[in-house]
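The chain is numbered in sequence order, starting from 1.
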Amino acid sequence: QVQLMESGGGLVQVGGSLRLSCTASRIVLSTNAVTWYRQAPGKEREWVAVIVSGGVRDYADSVKGRFAISRDNEKNTVFLQMNSLKPEDTAIYYCKTTRKNREYWGQGTQVTVSS
């Protein structure tokens, strides 16, 4: 079965950096769009960044210029490089991909930015 797994979260100070990874099994991420979402306590899940199969990237305004999404096809992994982190970036981060109109989500990784 298709599985996505996020990793790389943790506790970081304001202004610090983290790199999240989304690794997949039984699905080739390079042929599908992969999206990062996040959900802060008490808030709805929000879209953060996306990379499509052709390599085009897009970002939410709140992270534009600070976050970068990329892909390593050999490792079948999508990364989210997060720089200049702010307390409001604290959330559980999830990756998602879709194949044949079915969505696949990872279990999430916690990112906590302390001030």
### Message
I'd like to know if Asp61 pairs up with Lys64 as an ion pair, taking the criterion as any Lys NZ or Arg NE/NH1/NH2 lying under 4.0 Å from an Asp or Glu carboxylate oxygen.
### Response
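Yes, Asp61 and Lys64 are salt-bridged.
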Residue pair [X] / [Y], side-chain heavy-atom distance below 4.5 Å:
X     : Y      : answer
Met82 : Leu20  : yes
Leu29 : Leu4   : yes
Ile51 : Ser70  : no
Thr90 : Gln110 : yes

Heavy atoms only: give me the nearest [X]-[Y] pair and the separation to one decimal.
X     : Y     : answer
Ser17 : Ser84 : OG-N, 4.3 Å
Leu18 : Leu85 : N-CD1, 3.9 Å
Ala49 : Leu80 : CB-CD1, 4.1 Å

Applying the 4.5 Å side-chain criterion to the ILVMFWY set and letting contacts propagate, would [X] and [Y] be lumped into a single cluster?
X     : Y      : result
Val34 : Val2   : yes
Ile92 : Val113 : no
Tyr59 : Val50  : no

### Query
Any donor and acceptor pair, going by atom type alone, linking the side chain of Glu6 with main-chain N or O of Gln107 inside 3.5 Å?
yes
Approximate separation, where rounding is to 0.5 Å, of [X] [atom1] and [Y] [atom2]:
X     : Y     : atom1 : atom2 : answer
Arg66 : Gln81 : CZ    : CD    : 12.0 Å
Cys22 : Arg71 : SG    : CZ    : 11.5 Å
Asn76 : Ser25 : CG    : OG    : 8.5 Å
Ile27 : Asn32 : CD1   : CG    : 4.5 Å
Arg26 : Gln1  : CZ    : CD    : 8.0 Å
Lys75 : Ser30 : NZ    : OG    : 15.0 Å

### Query
Residues two or more places apart in sequence or in another chain: which of them pass side chain to side chain contact (heavy atoms under 4.5 Å, CB included) with Ser114?
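If we apply the side chain to side chain contact (heavy atoms under 4.5 Å, CB included) test to Ser114, skipping adjacent residues, the hits are Leu11, Gln13.
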### Task
Only counting residues at least two apart or in another chain, list the ones meeting side chain to side chain contact (heavy atoms under 4.5 Å, CB included) with Ser21.
Ser7, Thr77, Phe79
### Query
Are Phe67 and Trp36 an aromatic pair by the rule of ring centers under 6.0 Å?
no
### Task
Applying ring-ring contact (aromatic ring centres under 6.0 Å, His included) between Tyr37 and each of Tyr93, Tyr94, Trp105, report the one that passes.
Trp105
#### Entry: Pairs flagged by salt bridge (charged side-chain N to carboxylate O under 4.0 Å, His left out) wherever residues 43-60 is involved - sequence neighbours left out
Arg38-Glu46
